[in-house]
Amino acid sequence: MDIPLSTIAVVGLGTMGTGIAEVLARSGREVIGIDTDEAAARRAVASLEASTARAVERGRITEEERRDALARFRTFSDLQAAADAELVIEVVPESYEIKQQVFRDLDAVVSPATILATGTNALSVTRLAAESQRPERVLGLHFFNPAPAMKLVEVVSSVLTAPPAVEAVTELARLLGKEPVAIGDRPGFVADGLLFGYLNQAAAMYEANYATREDIDAAMKLGCGLPMGPLALLDLIGIDTARTVLEAMYSTSHDRLHAPAPILGQLASAGLTGRKAGRGFYTYAEPGSQTVVPDALTPAPRGAEAAGRTVRSVGVAGSGTMASGIAEVFAKAGYDVVLAARGQEKADLAKARIAKSLGRSVTKGRLSEQARDETLARITAAASLDAFAEVDLAVEAVAEDLLVKQELFATLDKVCRPGAVLATTTSSLPVVAIARATGRPEDVVGMHFFNPAPAMKLVEVVRTVLTADDVHATVHEVCHAVRKHPVDCGDRAGFIVNALLFPYLNNAIKMVEEHYASLDDIDAAMKLGGGYPMGPFELLDVVGLDVSLAIEKVLHNEFRDPGLAPAPLLEHLVAAGCLGRKTGRGFREYARR
């Protein structure tokens, strides 16, 4: 039986080209590796030898299969070697001049039926195809790094690409065990189109000295479940590469979110391009190493700042999921907790929710029955905030409405003893505006937990210009006591996580509005290509479209950036009452329970 596209040439044997060659060789294809740098070719052979040896050790392939794969991979220094290839994949540097020259040279070598694929993630496939004598046979075939492990392959068509060429490489991708996503031609395509805008905003956030690199990265890993923080990922990708991608995106979109943050250009110009140089946003043990070593920007160990206030008892205001979750967190850590709601019935229901949550932990073997009973015994359900008279820390988790929170804090100001720390869990409102509702704004701080509070490790600690040093220190000490990871950020809309997450979600919606890609393809691209635990539309439906729209409006109002304006499709769905899973319909429809 014939193998479709059985002889394939890979032009450019850097990390990506070598990875693609390995995937092809292990699938039974004859692979012609071409690189003008003979040292690169030798490294590619050595890499394939090492990776297949590891595969044998792990029982994934046999020694015979390894020998066969190695025999199918041959390297050359001249494009003439591609003469018999049915498909050529170029993975040379991201430069129109270099790639166009490769295509012109290939035109003189390969047969008229050969498919020419570019591995670009930033440049226009149409522009590259126009330089070829056979533009109908040119398309984009964008693998993700590391190619042997990553499942996503973006198949990019230009207006000139013939459907049979697309069908052939799409089938090849499936036979390679990949998930092909068919998309049109625009810089960044789907995965990088969404990813690099987010990375750029993270770089700009760091450049503005809003938060440390460590806190930005920790926030996105712990708050969103991402495998890497954005600044560490920029170092991995290469800061020069990221800037090239963003320049290409900005030249087409003219969206300020894609205008490369100046720090990217500064680092690239200085040769600080990330891991490959040994230094980028972080410093590494040596060029190419993944081991981060301390440098002048590494935060000093905590303990040198002001000592915090003593906290033995905690008041939690609210009766919803977040309030009960926070109360559970503190009670499990040994604090006496007063859970206050508007009325005894609501407070009792909130405590019952905690009992149910703890019961699930017992059933799963994560908690003993004795620990459950002791935790519940530490929680007092109260009918009003008057029960907060003696607490050391009061945390509110009520509706995300500034007037409601200001009224509550005015009450806390009267009820709570002098010296008590007053914390708001707001995710989008100005903490200082809440603090000014009290006569002691120095005691007020943001303490943004993430839902579900018992499971999520992140707490964003939001310090206003009025927050006292010992209040800030208190929150850090308390976070560590309840086994949460605090990250510091200033008092501005979205803090770290939402300020980076929601523009990304908004841009995904705009892709659908523009009919560039489907919901399913975008979700698949971000899960398979970006390592996201959920695709953007899955996440939007879970969060709630109304909640998402409210946060988008806050971000747009604060930063006044046209690129942050909520996508009209999001506004239309909210107006229609399609709010996500909670209403049974959002971007997708859900079965009614």
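Just the heavy atoms: all of them, side chains too, but no hydrogens, waters or symmetry mates, feed the values below. For this chain, numbers begin at 1 and follow the sequence in order. All figures in this text were calculated on a predicted structure; none of them were measured in a lab.
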Is it the case that [X] and [Y] place a side-chain donor and acceptor less than 3.5 Å from each other?
{"X": "S77", "Y": "E38", "result": "no"}
{"X": "T467", "Y": "H472", "result": "no"}
{"X": "Y284", "Y": "D235", "result": "yes"}
{"X": "Y282", "Y": "D217", "result": "yes"}

Next on the checklist: Please evaluate residues E442 and V471 with respect to the criterion side chain to side chain contact (heavy atoms under 4.5 Å, CB included), reporting the C-alpha separation (whole Å), side-chain torsions for both, the decisive distance (0.1 Å), and the verdict.
Outcome noted: CA-CA 8 Å; E442 68 279 2; V471 168; over 6 Å; no
Checklist entry - Are K527 and E538 close enough for a salt bridge, meaning some N to O gap below 4.0 Å? => result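 Counted as a salt bridge, because a side-chain N and a carboxylate O are separated by less than 4.0 Å.
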Next on the checklist: Please determine whether a side-chain nitrogen of the Lys or Arg among D192 and R186 lies less than 4.0 Å from a carboxylate oxygen of the Asp or Glu.
Outcome noted: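 Between R186 and D192 there is no salt bridge, as every charged N stays at least 4.0 Å from the carboxylate O atoms.
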Item to check | side chain to side chain donor-acceptor pair (under 3.5 Å), paired with T283, selected from D295, T291, T298 | outcome: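 Answer after filtering D295, T291, T298: D295.
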Checklist entry - E94 pairs by side chain to side chain donor-acceptor pair (under 3.5 Å) with which of T120, T241, T244? => result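 Single pass found, and it is T120.
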Does [atom1] belonging to [X] count more than 12 external heavy atoms closer than 6.0 Å?
{"X": "K553", "atom1": "NZ", "answer": "no"}
{"X": "Q101", "atom1": "CD", "answer": "yes"}
{"X": "R436", "atom1": "CZ", "answer": "no"}

Next on the checklist: Parallel, tilted or perpendicular, judged at 30° and 60°: which one describes the rings of F281 and Y206?
Outcome noted: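 Plane angle over 60°, so perpendicular.
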Checklist entry - Would you call the rings of H480 and H476 parallel, tilted or perpendicular, where under 30° means parallel and over 60° means perpendicular? => result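 Answer is tilted, since the angle falls between 30° and 60°.
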Next on the checklist: For E22, give me all partners under salt bridge (Lys or Arg N to Asp or Glu O under 4.0 Å), at least two apart in sequence or on another chain.
Outcome noted: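 Scan of E22 (salt bridge (Lys or Arg N to Asp or Glu O under 4.0 Å), adjacent residues dropped) gives R26.
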Checklist entry - Where do L79 and I34 land on the side chain to side chain contact (heavy atoms under 4.5 Å, CB included) test, with the steps shown first? => result CA-CA 7 Å; L79 281 178; I34 302 173; 4.1 Å; yes
Checklist entry - Does the side chain to side chain contact (heavy atoms under 4.5 Å, CB included) test come out yes or no for M447 and E460, once each step is laid out? => result CA-CA 6 Å; M447 198 173 180; E460 290 178 321; over 6 Å; no
Next on the checklist: Using side chain to side chain donor-acceptor pair (under 3.5 Å), reason through R42 and S47 one step at a time and then give a plain yes or no.
Outcome noted: CA-CA 9 Å; R42 288 194 296 271; S47 175; over 6 Å; no
Checklist entry - Quick check: does any side chain N or O of E400 sit under 3.5 Å from a backbone N or O of S428, one acting as donor and the other as acceptor? => result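 Yes; judged by distance alone, with no hydrogens or angles, the pair exists.
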Checklist entry - Is it true that a side-chain atom of D185 and a backbone atom of V125 form a donor plus acceptor pair closer than 3.5 Å? => result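 A pair under 3.5 Å: yes.
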Next on the checklist: I want to check something: taking the side chain as every heavy atom from C-beta on, are K276 and T273 in contact at a cut-off of under 4.5 Å?
Outcome noted: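 Yes - at least one pair of side-chain heavy atoms lies under 4.5 Å apart.
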Next on the checklist: Quick check with a 6.0 Å cut-off and a 45 degree axis cone: is R492 positioned over the face of Y210's six-membered ring?
Outcome noted: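 Yes; both conditions hold, so R492 lies above the ring face of Y210.
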